[in-house]
Amino acid sequence: MSEVVRDLKAFAKALVYKNAPKEEYFKRGHRACQGCAPALAIRYILKAAGPNTIVVNATGCMEIISSPFPYTSWGVPWIHVAFENVAAVASGVEAAIKVLKRKGRLDPNKRINIIGLAGDGGTADIGLQALSGMLARNHNVTYICYDNEAYMNTGVQGSSATFTGASTTTTPAGRYSIGQGYWKKNVAEIAASHYVPYVATACPSYPLDLMNKVRKSLEIEGAAYIHVFAPCPTGWGCPSSMAIEVGRLAVETGVYPLYEVERGVWKISYIPPKGLKPIEEYFKTQRRFKHLKKEVVEKIQEKVRAHWERLLMLEKMTNTEEFKEKFVRPFYEVQI
Amino acid sequence: MAKKVGIEAAIAIAEAAALADVDVVSAYPITPQTHIVEHLAHLVADGILNAEFITVESEHTALSAALGASLTGARTFTSTSAQGLALMNEIVYITSSMRAPVVMALANRALSAPINIWNDHSDVMSVRDTGWISIFANNAQEAYDLTFMAFKIGEHPDVLLPVMINFDGFILTHVIEPVVLFGKEDVEGFLPPYDHPYKLDPDRPVTMGPVGLPEIYTEVKKQQDVAIRSSRSVIDAVFKEFAERFGRKYSAVETYAIDDAEVVLVTQGSVTDAACFVVDEMRKRGKKWGVVEIRLWRPFPFDDVGSALTSGKIKCVVVLDRAISFGGPAGIVMSEVRSALYHVPNRPIVIGVTSGLGGRDIMFEDYVRMFELGEEALRTGKEPEMVTIIGVRE
Ligand SMILES: Cc1ncc(C[n+]2csc(CCOP(=O)(O)OP(=O)(O)O)c2C)c(N)n1
Ligand code: SF4
Ligand SMILES: [Mg+2]
C-alpha cells in the first residue's frame, strides 16, 4: 500500500477507502461520542494490523468506551492495566512473546503485532517515562498515541499536548489567560530522538495514509511510534459531523503536519500544493479557540509557520546523500 | 545434584528463580535487593538462564512489564525493596486483581523519610491489603526454598495470584549462609510448566482489565477474596509435597519451645531465629518462654495463630512489630493477632512491642525486655492498648 503521496491529486486518490481491508476488529456498539475521531482511528489501525495483534490500552476515553464489562469492542486480545504504563506493559508482552518463541512454546514463525495505545495525556504527560524506556530498549512494539489534545475522559483538562491557545477546563480562557499558554509538546520528535527505526504522524482524516503507516511500523523490526491527531468533537466544541474536516484543516494549515521519520530520515507525507492555509480557517471550526484575539492568532500563526519551515529543513537535510552516507548507513545498518 | 554452598541469601533467591526457569525478569536496582537482579542479569548474560531480562527505567515499569509478561504466558519474576515497592504500589494492587502470578522477592527495608536503606517491615506492611500471597523467610535456605515454591503456589490453576517472599534487608540479603542448592534433576516434576488459562493469545482473543461498573465491582472483589483465602489449601499442599520430597518442613505458623511456655513472642522474619536463641539462653536461667512465628502473612492463618497461641500453658502473647501504623493500633501484626484471638474463650493477654525500625539492631537484652513486659502484664493483669517501642531514646 505504501509510497509517500506528495501532490494533492495522488493524495486524494490515496484517500479512496475501497482498498482497505473489509474485516473489522474494533467492533460496533462501543460508547464513543458521535463523530469521535480516536474511535475511528482505532478502527483503521486494527484494519491495518489484522487479527494477529495484541493491543495494550491505557486508561482514557478509548478504554472506557470499549470495555464496559461484560461488553467489549475488541476482536483482538486486549489488555488494559493503568493510565501511565502502556509502554511498560507492552514491553513485558513483547519480552514474553520473544522468549516463548525462543523456548519453542510459541510458534517462532508466527508474527504477532503488539500495539500500545494511549491518549495524549497518557503519552505526553504521565506515560512519557515508560514510553521513553520502551523506545530506548527498542522493544518490537508500535506505540500509538491518539491525540485529542486534552484529558477527555476526565472532562477536557489541558495536557502538555493541548494546542496553544485552546481553552480547556484547567486552562480556561479568561481575562488573564489565552487558554493553554505554552507550545504543544512534540512527542513524535521526542520519540525520534530515541533513534528508533520508525516514527510517524497521522490522522484518521487520511485513512489510507494512517493504515499504511501502521502497516509499515509493524513490518519494521524494533520500536515504532505513531502520533495520531484525532479530533474530539465533544472536547473541542465542533459539530460531530466535522471531525474529519477539522483533521484535514489541521493538516492543511500546518497545525498538524503529517510526516515520517524512517531511520533518521524525515519525509513530509503531504505538502499542500498551494501552500499552508491560514490557521484561522482551522481555529474557527472549534469553540475552544473562539476566545482568541486576532493578535494572539497571528503570533500562533507565526510559530506554526516556523515549525513547518523547520520540518522542511529537516526533510531537506536528512534526504541528502551525505546524511545517508554519514549517518543513516553507519547508524542503522550496523548491527551491534 | 543438590549441594551445600556458602552463599548470600540474595544470590540464593536469584538461583531459586533460575531453578524455576523463569522466562521474564523485570526489575530495577534498589538496596538491599540489588544483588538478586544483578545475579539474574549475569545468569542471562552468560546463557545459563534462557530468559528475557528487561532493564526497566523504574519499579512502576518493572511490575507493569512483569504483569504484561505474566498474562502473555511467561513465568515472571521481579524483586524490590521499600521505595521501589512504594513506587509500584498502583500496580501491586492491579497485579493481584488481574490474577497475574508474578513472584516478587521483597528485601524488606524501611520506608522514607528519612531515607534509610536498612531493615524493617514498613514496606511489606504498606501492601498488606493488596491481595498478594505474602510469606516470610527467616534465613537464606528458607528464602531459596520459598522463592522456588512461590511459583508453584501462585501459578496453581486454583490460585493464580502473585506471591511475595519477604526476607530482611542486609540481615539476610547480604549475609552468607550455608544453603543447599538443588540441581535441575533434583526438582524434576515438582514445578509444572506455567500455563495461564486466560492469556493474550490472538487465537483466543480475550479482553483483560475492562471497566468494572458498580454492578460488577463488588462481585469481582469478593471473588478475589475467596481466591486468596482458598489459596491456603494449595500453600499447605505445596509445603507438604516439598517436605516429603526434600525433607525441609514449612508451615503457616511456626512454633518454638511453646509446649510449657507461659510467655511467647510472636515474630516474623529473621528476628525469629534470634528470638529462639534468646529463649534457649533464658531457659537455662529458668525462663519458660517460647516463640511463635507467623510465616504466612497473607492469607492470614487465623485458625493456626489462634490454636498456637492458646495451646499449652500460654498466658501472655507479646507481638513484635517491625513497623508502625501511625495513629492507628500502632502494632499492625499485634492487632491482627488480637483479632485472631478475639473470639477465643480464656484467651491470653496480648501486648505489642515495636522494635528494629530502620535497621536498629535488636539486642539480646531487648528481646529479654519484650518477654519481661509480658511477665509484667501477667503480674498486673493489665493488657496495655498501645505498643511499647523498645529501645527508643526519649
Ligand atoms: C494514575 C492516574 N491518574 C489519573 C487518572 C485519571 N484519569 C483517567 S483517564 C484520564 C485522562 C486521559 O487522558 P488522555 O490520555 O488524553 O486520554 P483521553 O481520555 O483524552 O482519550 C485521567 C486523568 C488515572 N486513571 N490514573
Ligand atoms: S470525549 Fe472525545 S475522545 Fe472521548 S469518546 Fe467523546 S469524542 Fe471520543
Ligand atoms: Mg486526550
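Convention: sequence-line order gives letters A, B, ...; per-chain numbering from 1. Just so we're clear, the structure is a prediction, and the values are computed from it rather than from any experiment.
For CZ of A/F331, the number of neighbouring non-hydrogen atoms (other residues, nucleotides, ligands) closer than 6.0 Å is greater than 12. For A/Q34, the CD atom is loosely surrounded, since the number of other residues' heavy atoms within 6.0 Å does not exceed 12. The number of heavy atoms from other shown groups lying within 6.0 Å of CZ (A/R102) is above 12. Under a cut-off of 6.0 angstrom, the local environment of NZ in B/K222 is sparse, with at most 12 non-hydrogen atoms contributed by other residues, nucleotides or ligands. A 6.0 Å sphere centred on CZ of B/F190 holds more than 12 heavy atoms belonging to other residues, nucleotides or ligands.
With a 4.5 angstrom heavy-atom cutoff, A/E84 touches chain B only via side-chain atoms. The contact between A/L100 and chain B is made entirely by side chain atoms (from C-beta outward), counting heavy-atom distances below 4.5 Å. For a residue to count as touching a neighbouring chain, one of its non-hydrogen atoms must lie under 4.5 Å from one of that chain's; by this rule B/S26 does not touch chain A. Residue A/I64 touches chain B through both its backbone and its side chain, counting heavy-atom pairs closer than 4.5 Å. Contacts of B/V56 with chain A are made by both backbone and side-chain atoms, with heavy-atom separations under 4.5 Å. Both the backbone and the side chain of A/V93 come within contact range of chain B, judged by heavy atoms closer than 4.5 Å. For B/V22, the part lying under 4.5 angstrom from a heavy atom of chain A is the backbone only. Heavy atoms closer than 4.5 Å to chain B are found in the backbone of A/P51, but not in its side chain. The part of B/I94 that comes within reach of chain A is its side chain, from C-beta onward, which places non-hydrogen atoms under 4.5 angstrom from that chain.
Interface remark: of the candidates B/T61, B/D23, B/V24, B/D23 forms the most heavy-atom pairs closer than 4.5 Å to chain A. Taking chain B as the reference chain and counting heavy-atom pairs below 4.5 Å, the highest number among A/G133, A/A95, A/S132 is found for A/A95. Each of B/V211, B/T55, B/L71, B/L63 has some count of heavy-atom pairs under 4.5 Å with chain A, and the biggest count is that of B/V211. Between chain B and the residues A/V81, A/T53, A/N57, the largest count of heavy-atom pairs under 4.5 Å involves A/V81. Counting heavy-atom pairs closer than 4.5 Å to chain A, the top residue among B/G73, B/G212, B/S97 is B/G73.
Formation of a donor-acceptor pair under 3.5 Å by the B/S64 side chain with backbone atoms of A/N85 is not found in this model. Not a single donor-acceptor pair under 3.5 Å links the side chain of A/K98 to the backbone N or O of B/E52. Without hydrogens or angle criteria, A/H80 side chain to B/G209 main chain gives a donor-acceptor distance under 3.5 Å.
Scanning both residues, A/G92 and B/I54, for their nearest heavy atoms gives CA-CD1, 4.0 Å. Counting all heavy atoms, side chain and backbone alike, A/G75 lies closest to B/P205 at O-CG, 3.6 Å. Nearest approach of A/V99 to B/A51, heavy atoms of both residues: CG2-CA, 4.0 Å.
For the atom pair A/I54 CD1 and B/M208 CE, the distance stands at 8.5 Å (nearest 0.5 Å). Distance check, rounded to the nearest 0.5 Å: CD of B/E219 to CZ of A/F69 gives 10.0 Å. A/I79 contributes atom CD1, which lies 10.5 Å from atom OG1 of B/T207 (distance to the nearest 0.5 angstrom).
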Could you walk me through whether A/K110 and B/D203 pass the salt bridge (Lys or Arg N to Asp or Glu O under 4.0 Å) test, one step at a time?
CA-CA 11 Å; A/K110 182 169 178 168; B/D203 293 335; 2.9 Å; yes
Applying side chain to side chain contact (heavy atoms under 4.5 Å, CB included), run through A/M134 and B/E57 and close with a yes or a no.
CA-CA 9 Å; A/M134 185 205 99; B/E57 78 298 329; over 6 Å; no
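Between B/L213 and A/P68 there is a side-chain heavy-atom pair separated by less than 4.5 Å. Side-chain contact between A/P77 and B/D201 is absent, with no heavy atoms from C-beta onward closer than 4.5 Å.
Between B/D195 and A/R105, no side-chain nitrogen of the basic residue sits less than 4.0 Å from a carboxylate oxygen of the acidic one, so the salt-bridge criterion is not met.
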